[in-house]
Amino acid sequence: MKNNANRVIFHIDVNSAYLSWAASDRLQHGETLDIREIPSAVGGDPVSRHGIILAKSIPAKKFKIQTGETLYAALQKCPDLFIVSPQYDLYMRCSNALVSLLKEYTPDIQRFSVDECFLDFTGMENLYQDYLKLAYEIKDRIKKELGFTVSIGISNNKLLAKVASDIKKPDAFITLFPHEIKDKMWPLPVEDLFMVGRATLPKLHNLNIFTIGDLANYDLKLLKGKLKSHGVMIWNYANGIENSEVRKSNHINMKGIGNSTTIPFDVDNREEAHKVILSLCETVGMRLRNSQNCCSLVEVHFRTNEFYNCGRQRKIYYYTDSTKKISETAYELFDELWNGEPLRHIGVRVSELCTNDFCQVTLFEEKDNAKNSAIDKVVDSIRMKFGSKAIIRGTFLNSGIKPLMGGVEEDDYQIMTSIL
DNA sequence: TCTGGGGTCCTAGGACCC
DNA sequence: TCTGGGGTCCTAGGACCC
C-alpha cells in the first residue's frame, strides 16, 4: 500500500471501443463513411443466436440503444441502425497498438480490459512537469497515430481516475482529485460508481440513496448491516477511498481460463454435447499451456433453451494442463449435471492454477501423462505454425461443430478483473 | 431468427476433523 | 440415546466488471 497523496494515476478508456475500432478500420480500408457519425452498432448474428448489441455510436445513443440488448429490440427503436459484425482479432490488434504507444510514457501499465488501462506516473515529476499537458499529448497522439479517441481520467488513485474518465467523453481528459470529489463526483447518479450494478442499485434506492453523494454520506454501520462487505466497499469508493496498486497484468496472477459458447442450434444429445465440450477444452488447454500454467479445478456450466443456468465444478487432486484430462473431467461433470434439457450454451473453465514448472502428477498416471503431454505439444506447435485449423480431431468432421471454439489469442494477457 | 463471452470475488451451506 | 464449537475445504450460486 502506498500513500496516495503523491500518486498520479491515469485511467485511459477508448471511447465506444469496438465501434471506434471498426470505424477506423473501415476508413483505413478506403470506406468514406465514418460509422461513428451515424446511428450504428457492433452486433452479433441473430441467426447463430449471438444477436446482441456489443457497442454503439454516439448518434445511436440518442435512440436509446443499449449495450447488451437484442438487435431485434435495437432495430425497433432505430430501423436504420447500421450494424457491423464484431472482429475480435481487430480489437486485439488495436488494443495492443494502444498499449505499445502508452508504454513509451511509463512501464507501469495495468491492462484492465481490452479497452482500458491504468498508468502510474508517480515519482516521474522530472520527466513530466505538467500532467495535463501529458494527458493532452497522449490523447492527441492516439487520435492522430491510431485513429480513435480516448478519455483520460487523472487522480491519485485508480478508482477516482476511472470514475473521472467516464465523466467527460469523447476525446477528453479530466482530473478528479480528492478535493474535487464533492463537486465532480457526488452529484453523479449512484449507478455511475464502479461496482454499483443491476442488483445493488434497487437496494440503494430503497435506502433513499440516489447519488454518489447520498451514498458517501450514508451511515456506514447501517449500510454494512444491509449490504455487508460490498456495502463497505462502495461506501469507500463513494468517498474516494481506494489504494490498490497499478499492477502489471500477466499470467502469473491470472486466476482461471474459461471458454464458452452459444451454439447456433440446441444441443439435445450427450454425444453432441461432449463434442462441444471437447472443442471448448481444446482452446482452454492450449491457452493454459501457452500461459505455462496447470490447473486443479475444472468447471462445466450450461444454459438451457429456457435460459436456466447451472454449473458444476470439481477439484482434481493433481495439477494438469492436458486437454485429455480436462475434457474427461468435464464430461463427467456434464453427465452428472445434465438432465436432458436442450442446451443453447455450454462453457468450460479451469482455475486453481499453478505454474507448470513442478506440475505434480499422481504416480500411476505418470506414463499416460507423458503421452498426453507429448500429443498436446505437437498439436500446439502445428497450430502455432500453420494456424488453428491445420489439425483437427476426426470427431469433428461433418459434425457441424467447430473443432476449436472461442477466440484463440496470439497474445496471452489477463482480460479483466472485477477488482481494481 | 429476442437474450454474448471473458473474467474476479464473495457468501453460504455441508462435510469433515479435532 | 444426549450435548459443544471452531477451523478448513469443497461446492453452488450470485454479484460485479468490460
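Every chain is numbered from 1 and lettered A, B, ... according to where its sequence line falls, protein lines coming before strand lines. A quick note: this is a predicted structure, and the numbers were derived from the prediction, not measured.
Partners of A:Asp380 by side chain to side chain donor-acceptor pair (under 3.5 Å), not counting sequence neighbours, listed by chain and number: A:Arg289. Listed by chain and residue number, A:Arg36 satisfy the salt bridge (Lys or Arg N to Asp or Glu O under 4.0 Å) test with A:Asp34 (two or more places apart in sequence, or in another chain). Among residues two or more places apart in sequence or in another chain, the side chain to side chain donor-acceptor pair (under 3.5 Å) test is passed with A:Asp25 by A:His29. In this structure, the salt bridge (Lys or Arg N to Asp or Glu O under 4.0 Å) partners of A:Lys77, at least two apart in sequence or on a different chain, are A:Glu69. In this view, A:Asp45 satisfies the side chain to side chain donor-acceptor pair (under 3.5 Å) rule with no residue, not counting sequence neighbours. Partners of A:Lys182 according to the salt bridge (Lys or Arg N to Asp or Glu O under 4.0 Å) rule, which considers only residues two or more places apart in sequence or in another chain, do not exist here. Scanning for side chain to side chain donor-acceptor pair (under 3.5 Å) contacts around A:Thr70 gives an empty result, with sequence neighbours left out. For A:Asp13, the salt bridge (Lys or Arg N to Asp or Glu O under 4.0 Å) test picks out no residue, with sequence neighbours left out.
Applying the salt bridge (charged side-chain N to carboxylate O under 4.0 Å, His left out) test to pairs two or more places apart or on separate chains, those with a residue in residues 332-347 of chain A are A:Arg270-A:Asp335, A:Arg312-A:Glu336, A:Arg314-A:Glu332, A:Arg314-A:Glu336.
Stem analysis of DNA chain B (Watson-Crick or G-U pairs, both distances under 3.5 Å, runs of at least three) returns B:5-18 with C:5-18.
Applying the 6.0 Å contact sphere to CD of A:Glu145 captures more than 12 heavy atoms from other residues, nucleotides or ligands.
Within residues 209-232 of chain A, the residues having any heavy atom closer than 4.0 Å to DNA chain B are, in order of number, A:Lys228, A:Ser229. At a non-hydrogen distance threshold of 4.0 Å, nothing from residues 328-343 of chain A comes into contact with DNA chain B.
Regarding contacts with the backbone of B:dG6, a side-chain N or O of A:Asn259 is found under 4.0 angstrom from either OP1 or OP2. Listed pair A:Lys203 / C:dA15 fails the phosphate criterion, with no side-chain N or O lying under 4.0 Å from OP1 or OP2. Not one side-chain nitrogen or oxygen of A:Thr262 sits closer than 4.0 Å to the OP1 or OP2 atom of B:dT3.
Both A:Tyr72 and A:His50 lie close to DNA chain B; mapped to their nearest nucleotides by heavy-atom distance, the more 5′-ward contact belongs to A:Tyr72.
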